[in-house]
Asker: 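Pasting a structure below so you can have a look.
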Amino acid sequence: MNRLEMFQYLIICALLYALYYWYRDGKIITNVSDKYVYITGCDSGFGNLLAKHLDQQGFNVLAACFTEKGTEELKNCTSSRLKTLQLDVVNSESINKAAEFVKSEVKGKGLWGLVNNAGISVPSGPSDWLTISDHKAMLNVNLIGLIEVTLSVLPLIKRAQGRIVNVASVFGRISCVGGSYCISKFGVEAFNDGLRRDLSNFGVKVLCIEPGFFKTNVTNFDIITGSLKKLWLRLPQDVKDDYGADYLERTLPKFQERVEQLADPDLMKVVWCMNHALTAVHPRTRYSAGRDSKLFWIPLSYLPTVISDFVFNSDKVKPAKSVC
């Protein structure tokens with residue numbers, strides 16, 4: 001076999017594999033009207049859109065919101081199949097109460113899907129601006145709360161041989177900011193991998209969504225700016241001197257520019273990933289949602305550290321007392 005024949009053979013094999021993957025990836029489950037899906041963080045953003053989307057498909061949706069306003073608004077624009085409940089993922093009593101509600105709704109059928117979507121992005125900032133309380137506040141929501149919610153309904157998911165969909169982030173692959181946002185998302189990735197392997201023998205599939213930048217509360221410039229200003233005001237004077245009185249003034253415009261460049265307004269790109277994870281016969285282990293996730297952040301996470309450090313530091317505002 002000459003080189004040309006070998007090349008043609010490889011091309012044919014690649015095309016056949018692509019066709020098989022496309023066929024396998026497109027196979028969808030049936031009887032969705034018998035299936036229940038429990039979603040956290042449905043007040044707005046991805047969770048809100050997913051709840052509406054699954055409701056339209058005929059799923060029995062159990063949508064957990066943090067606020068009463070969120071539950072009422074969602075209830076008013078969906079069918080009677082969708083049930084709403086209030087949930088505070090940092091409160092064990094609230095989590096257990098929600099689990100009892102879910103159990104009473106699914107009865108003997110079990111829970112087909114759990115989507116751990118609830119999360120926050122503040123407080124974030126330079127590491128020496130933060131206290132241990134700041135770290136605990138975010139870890140309790142983004143990681144500990146996610147784990148506790150999962151454990152609270154795990155027997156119901158095992159009964160249905162269902163799905164657990166954990167919303168991590170591209171920043172669970174590469175850390176670019178101080179604070180516990182990246183720490184929490186790295187933790188979600190680790191929990192997801194361990195849980196997937198532990199539950200595989202029980203027919204439960206555990207999937208991970210890794211969105212890039214999207215226009216949600218997580219990337220809301222006003223929310224993040226307000227948090228940074230509060231952190232700055234409480235800093236000791238010596239730390240302020242290290243960074244310089246105009247540090248925030250120099251940093252915020254650059255941050256806003258990056259958010260406007262990267263934040264994708266099409267939240268359905270993430271919702272379609274969640275939907276596929278719940279409805280595909282053969283769901284993918286990980287879903288990279290967003291062009292920036294696929295083409296920049298995840299490839300960057302595989303490069304040598306010296307390259308990723310250069311990328312992050314090249315456009316970073318330096319503190320007043322920087323030594324390099």
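Along the sequence shown, residues are numbered consecutively beginning with 1.
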Asker: Check ring pair (Phe, Tyr, Trp, His ring centres under 6.0 Å) between Phe221 and all other residues, then give those that pass, not counting sequence neighbours.
Answerer: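 By the ring pair (Phe, Tyr, Trp, His ring centres under 6.0 Å) rule, Phe221 matches Phe255.
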Asker: I'd like to know if the side chain of Asn31 and the backbone of Asp34 have a donor-acceptor N/O pair within less than 3.5 Å.
Answerer: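 Not confirmed, Asn31 side chain does not pair with Asp34 backbone.
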Asker: Mark yes when over 12 heavy atoms from residues, nucleotides or ligands other than Phe171 sit less than 6.0 Å from its CZ; otherwise mark no.
Answerer: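 Yes - once you tally the heavy atoms of other residues, nucleotides and ligands closer than 6.0 Å, there are more than 12.
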Asker: Roughly how far apart are Asp246 CG and Thr251 OG1, rounded to 0.5 Å?
Answerer: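 It comes to 8.5 Å.
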Asker: Going by atom types only, do Asn275 and Gln57 share a side-chain donor-acceptor pair under 3.5 Å?
Answerer: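 There is such a pair (donor and acceptor under 3.5 Å, judged by atom type) between the side chains of Asn275 and Gln57.
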Asker: Start with the C-alpha gap between Arg258 and Gln261, add the side-chain angles, then the distance that decides, and say whether side-chain contact (heavy atoms from CB on, under 4.5 Å) holds.
Answerer: CA-CA 5 Å; Arg258 290 293 171 266; Gln261 286 176 344; 3.0 Å; yes
Asker: Decide yes or no for Tyr287 and Met274: does some side-chain heavy atom of the first lie under 4.5 Å from some side-chain heavy atom of the second?
Answerer: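 The answer is no, as the side chains (C-beta and beyond) never meet within the 4.5 Å cut-off.
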Asker: Please confirm whether the backbone N or O of Ile174 pairs with a side-chain atom of Lys185, one donor and one acceptor, at under 3.5 Å?
Answerer: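 A pair under 3.5 Å: no.
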Asker: Looking at Val90, is its backbone amide N or carbonyl O close enough to the side chain of Asn140 to form a donor-acceptor pair, meaning the two atoms are under 3.5 Å apart?
Answerer: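 No, the answer is negative, given that no donor and acceptor are paired below the 3.5 Å cut-off.
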Asker: How long is the straight-line distance from OH of Tyr181 back to SG of Cys176, given to the nearest 0.5 Å?
Answerer: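 Here the rounded value is 9.5 Å.
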Asker: Closest heavy-atom contact between Cys42 and Gly47?
Answerer: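 Looking at all heavy atoms of both residues, the closest pair is SG-O, 3.7 Å.
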Asker: Scan Leu62, Leu85, Leu111, Leu156 and name whichever one has a side chain to side chain contact (heavy atoms under 4.5 Å, CB included) with Glu105.
Answerer: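 With Glu105 as partner, Leu62, Leu85, Leu111, Leu156 yield a single side chain to side chain contact (heavy atoms under 4.5 Å, CB included), made by Leu62.
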Asker: Taking the side chain as every heavy atom from C-beta outward, state whether Phe296 and Val311 have any atom pair closer than 4.5 Å.
Answerer: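 A side-chain contact under 4.5 Å exists here.
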Asker: Would you check if there is a donor-acceptor pair between the side chains of Glu210 and Ser293 at a distance under 3.5 Å?
Answerer: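 No donor-acceptor contact under 3.5 Å links the two side chains.
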Asker: Considering residues, nucleotides and ligands other than Phe310, do more than 12 of their heavy atoms fall under 6.0 Å from its CZ?
Answerer: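 Not buried by this count: 12 neighbours or fewer within 6.0 Å.
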Asker: Can Val89 be reached from Val153 by stepping across I, L, V, M, F, W or Y side chains whose heavy atoms are under 4.5 Å apart?
Answerer: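 As far as the 4.5 Å side-chain criterion goes, Val89 and Val153 are connected within one cluster.
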Asker: Whether the side chain of Asn166 engages the backbone of Ile209 through a donor-acceptor N/O pair (distance < 3.5 Å, no angle test) should be reported.
Answerer: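 Side chain of Asn166 to backbone of Ile209, a donor-acceptor pair under 3.5 Å: no, none is there.
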Asker: At what distance, to the nearest 0.5 angstrom, does CD1 of Ile298 lie from OG of Ser288?
Answerer: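 Spacing of CD1 (Ile298) from OG (Ser288) equals 3.0 Å.
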Asker: Going by salt bridge (Lys or Arg N to Asp or Glu O under 4.0 Å), name the pairs with one or both residues in residues 289-306, residues two or more places apart or in two chains.
Answerer: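 Pairs touching residues 289-306 that pass the test: none.
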Asker: Could you pull out the closest heavy-atom pair between Ala63 and Leu74, with the gap in Å?
Answerer: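 Nearest pair, atom of Ala63 first, then Leu74: CB-CD2, 3.4 Å.
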Asker: Check step by step if side-chain contact (heavy atoms from CB on, under 4.5 Å) holds for Met138 and Ile120.
Answerer: CA-CA 7 Å; Met138 191 177 293; Ile120 58 175; 4.1 Å; yes
Asker: Flag yes if more than 12 heavy atoms outside Glu93 fall under 6.0 Å of its CD atom; otherwise flag no.
Answerer: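 No, because the 6.0 Å sphere around CD of Glu93 holds 12 heavy atoms or fewer from other groups.
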Asker: State, yes or no, whether a side-chain contact exists between Leu303 and Ser308 at a heavy-atom distance under 4.5 Å.
Answerer: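 In short, these two side chains do not touch, never coming nearer than 4.5 Å.
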Asker: Of all the heavy-atom pairs spanning Ser200 and Arg197, show the shortest one and how long it is.
Answerer: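 So the two residues come closest at OG-O, 3.1 Å.
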Asker: Look at the side chain of Arg250 and the backbone N and O of Lys318, then say whether any donor-acceptor pair between them is shorter than 3.5 Å.
Answerer: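 Confirmed, Arg250 side chain pairs with Lys318 backbone.
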Asker: Going by the rule ring pair (Phe, Tyr, Trp, His ring centres under 6.0 Å), which residues pair with His135 if we only count those two or more places apart in sequence or in a different chain?
Answerer: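 For His135, no residue satisfies ring pair (Phe, Tyr, Trp, His ring centres under 6.0 Å) once neighbours in sequence are set aside.
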Asker: Give a yes or no on whether the backbone of Glu68 and the side-chain of Thr71 come within a donor-acceptor separation of less than 3.5 Å.
Answerer: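 Answer holds: yes.
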Asker: Give, for atom OG of Ser227 and atom CG of Asp222, the distance between the pair rounded to the nearest 0.5 Å.
Answerer: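 Between Ser227 OG and Asp222 CG, I get 12.5 Å after rounding to 0.5 Å.
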Asker: Is the closest side-chain heavy-atom distance between Leu199 and Leu154 below 4.5 Å?
Answerer: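 Leu199 reaches Leu154 side chain to side chain.
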Asker: Would you say Ser124 and Ile224 make side-chain contact, with heavy atoms under 4.5 Å?
Answerer: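 Not in contact.
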Asker: I'd like to check the side chain to side chain contact (heavy atoms under 4.5 Å, CB included) partners of Lys269; sequence neighbours left out, ordered by chain and number.
Answerer: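 For Lys269, the residues satisfying side chain to side chain contact (heavy atoms under 4.5 Å, CB included) (neighbours in sequence not counted) are Phe214, Asp264, Asp266.
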Asker: If you compare all heavy atoms of Asn217 against all heavy atoms of Ser44, which two are closest, and at what distance to 0.1 Å?
Answerer: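 Looks like ND2-OG, 3.4 Å.
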Asker: Answer whether the closest heavy-atom distance between the side chains of Trp272 and His53 falls below 4.5 Å.
Answerer: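 They are in side-chain contact.
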Asker: Please confirm whether the backbone N or O of Leu146 pairs with a side-chain atom of Thr150, one donor and one acceptor, at under 3.5 Å?
Answerer: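 A pair under 3.5 Å: yes.
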Asker: Which residue pairs pass the salt bridge (Lys or Arg N to Asp or Glu O under 4.0 Å) test with at least one member in residues 35-60, sequence neighbours excluded?
Answerer: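 Every pair satisfying salt bridge (Lys or Arg N to Asp or Glu O under 4.0 Å) with a residue in residues 35-60: Asp55-Arg81.
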Asker: What I'd like to find out is whether the side chain of Lys229 reaches to under 4.5 Å of the side chain of Leu252, using heavy atoms alone.
Answerer: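 Yes; the side chains approach each other to less than 4.5 Å.
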Asker: Got a second to check how far Asn220's CG is from Ser121's OG, nearest 0.5 Å?
Answerer: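 Reported value, rounded in 0.5 Å steps: 8.5 Å.
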Asker: Take atom NZ of Lys240 as the centre, draw a 6.0 Å sphere, and report whether it contains more than 12 heavy atoms from other residues, nucleotides or ligands.
Answerer: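 Yes, the 6.0 Å shell around NZ holds more than 12 heavy atoms from other groups.
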Asker: May I ask whether Ile183 and Val167 are part of the same hydrophobic cluster, defined by side-chain heavy atoms of I, L, V, M, F, W, Y residues being less than 4.5 angstrom apart, directly or through others?
Answerer: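 Not linked; separate clusters.
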Asker: Would Trp129 and Tyr243 count as a close aromatic pair, with their ring centres under 6.0 Å?
Answerer: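 Yes; Tyr243 has its ring centre under 6.0 Å from that of Trp129.
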Asker: I'd like to know if the side chain of Thr40 and the backbone of Ala118 have a donor-acceptor N/O pair within less than 3.5 Å.
Answerer: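 A pair under 3.5 Å: yes.
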Asker: As a quick check of understanding, evaluate side-chain contact (heavy atoms from CB on, under 4.5 Å) for Phe66 and Leu87, giving each step before the final call.
Answerer: CA-CA 5 Å; Phe66 180 62; Leu87 172 67; over 6 Å; no
Asker: So which heavy atom on Gly145 is nearest to which on Ile95, and how close?
Answerer: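 In terms of heavy atoms, the two residues are closest at O-CD1, 4.4 Å.
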Asker: Can you give me the closest heavy-atom contact between Phe101 and Thr84, atom names plus distance?
Answerer: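 Shortest heavy-atom contact: CZ-O, 4.3 Å.
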Asker: For residues 117-138, which residue pairs pass the salt bridge (Lys or Arg N to Asp or Glu O under 4.0 Å) check, not counting sequence neighbours?
Answerer: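 As it turns out, the salt bridge (Lys or Arg N to Asp or Glu O under 4.0 Å) pairs with a partner in residues 117-138, which skip direct neighbours, are Asp134-Arg234.
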Asker: Has Trp112 got a side-chain atom pairing as donor or acceptor with Leu278's backbone, closer than 3.5 angstrom?
Answerer: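 Between the backbone of Leu278 and the side chain of Trp112 there is a qualifying donor-acceptor contact (under 3.5 Å).
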Asker: Roughly how far, to the nearest 0.5 Å, is NZ of Lys103 from OG of Ser152?
Answerer: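 It comes to 11.5 Å.
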Asker: May I ask you to check whether Gln237 and Asp241 show a side-chain donor-acceptor distance below 3.5 Å?
Answerer: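 Short answer, yes.
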Asker: Consider only side-chain N and O atoms of Ser180 and Asn142, and report whether a donor and an acceptor are under 3.5 Å apart.
Answerer: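 Per modelled atom types, Ser180 and Asn142 side chains form no pair under 3.5 Å.
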Asker: In plain terms, say whether Asp193 and Arg286 are close enough for a salt bridge, that is, a side-chain N and a carboxylate O under 4.0 Å apart.
Answerer: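 Counted as a salt bridge, because a side-chain N and a carboxylate O are separated by less than 4.0 Å.
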Asker: So if you build clusters from Ile, Leu, Val, Met, Phe, Trp, Tyr with side-chain heavy-atom gaps below 4.5 Å, do Val37 and Leu195 land together?
Answerer: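 No, no single cluster joins them.
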Asker: Do Val239 and Leu231 belong together in a cluster built from hydrophobic side chains that touch within less than 4.5 Å?
Answerer: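 Shared cluster, yes.
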Asker: Can you tell me if Arg163 uses its side chain to pair, donor with acceptor, with the backbone of Leu207 under 3.5 Å?
Answerer: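 Looks like no, no N/O pair under 3.5 Å.
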Asker: With the side chain counted from C-beta on, respond yes when Ile39 and Leu54 share a heavy-atom pair under 4.5 Å apart, and no when they do not.
Answerer: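 The answer is yes, as the side chains (C-beta and beyond) meet within the 4.5 Å cut-off.
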Asker: On the six-membered ring of Phe202, is Lys158 placed so that its NZ or CZ lies under 6.0 angstrom from the centre and within 45° of the ring axis?
Answerer: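 Yes, Lys158 sits over the ring of Phe202.
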Asker: Is Val165 linked to Leu82 within one hydrophobic cluster, defined over Ile, Leu, Val, Met, Phe, Trp and Tyr using a side-chain heavy-atom separation of less than 4.5 Å?
Answerer: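 Val165 and Leu82: one cluster.
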